[in-house]
Structure formats: structure tokens, C-alpha cells
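Data first, discussion second: the structure below is written as C-alpha cells.
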Amino acid sequence: MCGYHHCPARTSDRLLTVLNCDLHCHSTCSDGLLPATEVARRAAGNGVDMLALTDHDDLGGLAAAREVAEAAGMAFVNGVEISIEWERLQIHILGLSFEVTDPALSAGLASVRSGRIERARRMSAELEKVGIDGAFEGAMRHAANPSLISRSHFGRYLVEVGVCKDVRSVFESYLVPGRPGYVEHRWATLADSVQWILGAGGVAAVAHPGRYKLSRADMRRFLGEFKDLGGQAIEVMSGSHTPEHIDLYGRLAREYGFLASRGSDFHGPGESYVDLGNLAPLPEGLQPIWEAF
């Protein structure tokens, strides 16, 4: 269930009663394991009533996912997860229910994607210094979309060659700031991301806020800046959120007047916190983001 009550959402000129919304997931167009069509098919099979595919900085899977979703009778929302940098910390902003042909959004996402391959080469060089060879080539084998090669692809390669037991362990040991395989990259700014999303007629939401290493005071400062720029929502229910996170970000959603979003952050079988559509309901008293679509 995506909320504590049934909530109408208008999609494809028909009114649906939405029971299970999953507004955050990934396909092979970025760092997911399944093609966009298979993500949509799996979501429909899991009883999802409204799906948003939110690949990192890329819109390439939306048309195919929409076709499968609509054929299955599932509402579909255009989505993207934009990589930004805020005070030297990488944060992700979700764009939902936007016009996919907006030129400023497309150009902005292209600017974020540029430079990923060069960053990947530098990551590989850093890993080579600690005795891990062939990481660039290995990661590229896992990247269906080479222009969106990411840390997840490096993680899968390091698991493949036995460096770590799972991708989460790779990140903790090698791919986060202060570890030997981490390389900084210039992402979009918070203002950029919100401007692109709003300019395309969409809704901007903070993705999985519980994952960022921000103090309570810094999180409040970030959320205040996000709201001042026009940000409208926060992901309260996320596959990576603990019950404490859900309570905290539910309270902050009420305090800041944010809409509340819900998404699994599904990347693929065996590599996700939860499967598509398998999250608990939003806490009572929050305004669901899908009421704005």
C-alpha cells in the first residue's frame, strides 16, 4: 500500500485509485540490472499500481517502460534521479512527472553525464594502486550504457573477482570518500537540478535522505535551501530507510510542508534493499506526492 487511504491520480486521461506506488527504481539505462521493460513488467507482477522509472541522469528507458506499464494497466510517471553536489557531498534529487522532451532538462542531464568515463578511468587507476587491476574494463562490462558508468558497476566487478562478498561491502571499503577507489566528480548544483525539474513541469523530491552523512543541523539547512529553490517533496519511504529514518523524515516533511514520496530504489534481484512495490505505507498524516501529478 502506498498510503493509509486510497488516493486518486490522473494518468493517461483516466482516473485511477492508486494502491501501491513505487516512485524510485533503476534499469540498465543507468546502474540497474534489468532492462527498463523488465523493470516495468516486474513492477506490474508485484502489484504496483503507479511506477516511476528514475534512472541516474538519463531518460532513455522511459518510453519502453511506459509502453509495458500501460499495456499492463499500470500508471506510469516520468522520472529521473539527478546527481548533485552540495557542500562537497553527493546528493540525489528525484524529478517526477515532468515533460520528457524539455530541452533544458535534456541538456542539463547531458552535462551531468559528461565526464563519467574519465572519472571511471581515474577510479581504476586508484584501485590499481592498491593491487586491483583491470577495474575499468571490468566495470565497463557491467555497464549496458557506458556513458553512465558508475560506482555500482565497479562494485559488481569487484564482487565478480572476489575482492568483496557483495556490492554494499565494496562501497564501504573502496568507493566512498576516504577510501582508495573514490574519485571526486563535478556534479550539478542543487539549484540546477531543481530548476531543470520545475522548468519541465515536474515535482522535485530529495531521494533517500537517510543515506547522507549530514548532521541534523546541516540536513535542516539543506532542506531549507531546497525548499527556497522550489523543491516540493522528500522521500520518506525508501528501501534503505530504517524505522527511525521514516519517523524523522515524516516529521520533517510535515514541518517543511513537503509532499511525501515512496520508492524502493530497486536496482535488481539480489542487489536491492526491497523488491519493487514491497514497501510499507506512508505514515499517516502526510500528503502523498502522487496527489500532485
Side-chain angles (χ1 to χ4, degrees), residues 2 9-12 16 18-83 92-102 105-106 108-110 112-113 143-145 147-150 152-153 193 196-197 200-208 233 235 237-240 261-269 271-279 288-290 292-293:
C2 66
R10 187 168 295 282
T11 303
S12 303
L16 298 173
V18 177
L19 302 177
N20 188 344
C21 305
D22 196 323
L23 303 177
H24 187 167
C25 62
H26 299 273
S27 76
T28 51
C29 287
S30 63
D31 59 347
L33 292 172
L34 302 178
T37 52
E38 291 304 312
V39 173
R41 199 166 286 118
R42 186 183 184 95
N46 285 3
V48 172
D49 294 299
M50 176 182 281
L51 178 72
L53 179 66
T54 55
D55 278 314
H56 293 283
D57 309 313
D58 194 275
L59 310 179
L62 295 180
R66 176 180 291 279
E67 184 177 353
V68 170
E70 292 182 348
M74 180 172 60
F76 186 81
V77 177
N78 289 331
V80 69
E81 187 171 11
I82 303 178
S83 308
H92 293 160
I93 303 296
L94 292 169
L96 296 167
S97 193
F98 51 82
E99 175 50 60
V100 74
T101 59
D102 183 80
L105 174 62
S106 296
L109 296 177
V112 177
R113 290 194 301 270
N145 183 350
S147 69
L148 276 166
I149 186 170
S150 71
S152 293
H153 300 121
S193 65
W196 297 337
I197 294 164
V203 179
V206 179
H208 44 55
E235 199 170 54
M237 299 301 302
S238 169
S240 58
S261 194
R262 174 185 190 264
S264 60
D265 197 11
F266 177 79
H267 282 71
E271 203 177 282
S272 300
Y273 295 96
V274 297
D275 205 344
L276 289 156
N278 283 2
L279 285 171
I289 192 172
W290 46 89
F293 300 161

Side chain to side chain contact (heavy atoms under 4.5 Å, CB included) evaluation trace for Phe98 with Leu59: CA-CA 11 Å; Phe98 51 82; Leu59 310 179; 3.8 Å; yes
Derivation of the side chain to side chain contact (heavy atoms under 4.5 Å, CB included) call for Val80 and Trp196: CA-CA 11 Å; Val80 69; Trp196 297 337; over 6 Å; no
Steps toward side chain to side chain contact (heavy atoms under 4.5 Å, CB included) verdict (Asn78, Arg66): CA-CA 8 Å; Asn78 289 331; Arg66 176 180 291 279; 3.2 Å; yes
His92 and Ser83: CA distance, side-chain angles, deciding distance, side chain to side chain contact (heavy atoms under 4.5 Å, CB included) verdict: CA-CA 5 Å; His92 293 160; Ser83 308; 3.9 Å; yes
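Between the side chain of Ser97 and the backbone N or O of Gly202, no donor-acceptor pair lies under 3.5 Å. In this structure a side-chain-to-backbone donor-acceptor pair under 3.5 Å is missing from His26 to Leu53. With hydrogens and angles ignored, the 3.5 Å screen pairs no side-chain donor or acceptor of Asp55 with any backbone N or O of Asp58. Judged purely by atom type and a 3.5 angstrom limit, Arg41 has no side-chain atom pairing as donor or acceptor with the backbone of Val68.
What you find for Gly239 and Tyr273 is that their closest heavy atoms are O-CB, 3.0 Å. Shown here for Leu51 and Cys25, the closest heavy-atom pair between the two residues is CD1-SG, 3.7 Å. The nearest pair of heavy atoms linking Arg42 to Pro269 is NH1-CG, 3.6 Å. The heavy-atom pair separating Ala65 from Ala40 by the smallest distance is O-CB, 3.6 Å. Met74 and Met50 get closest at one heavy-atom pair: CG-N, 4.2 Å. Among all heavy-atom pairs drawn from Leu94 and Ala207, the shortest one is CG-CB, 3.8 Å.
Considering only residues two or more places apart in sequence or on other chains, Arg113 meets the side-chain hydrogen bond (donor to acceptor under 3.5 Å, both in side chains) condition with none of them. For Asp57, the salt bridge (charged side-chain N to carboxylate O under 4.0 Å, His left out) partners two or more places apart in sequence, or in a different chain, are Arg116.
Residue Leu148 holds its CG atom at 8.0 Å from NE2 of His153, rounded to the nearest 0.5 Å. Interatomic distance, Ser30 OG to Ile149 CD1, rounded to the nearest 0.5 Å: 13.0 Å. Taken to the nearest 0.5 Å, the CG atom of Leu279 stands 8.5 Å off from the CG atom of Asn20. Note that the NE2 atom of His208 and the OG atom of Ser261 stand 11.5 Å from one another [nearest 0.5 Å]. Atom CD1 in Ile93 sits 5.0 Å away from atom OG in Ser193 (nearest 0.5 Å). Rounding to the nearest 0.5 Å gives a distance of 6.5 Å between CG of Leu23 and CH2 of Trp290.
A side-chain N or O of Ser264 and one of Asp22 form a donor-acceptor pair less than 3.5 Å apart. Side-chain atoms of Asp31 and His267 form a donor-acceptor pair, as typed in the model, at a separation below 3.5 Å.
Inter-residue side-chain proximity for Phe266 and Asn278 is flagged as unmet; no heavy-atom pair is nearer than 4.5 Å.
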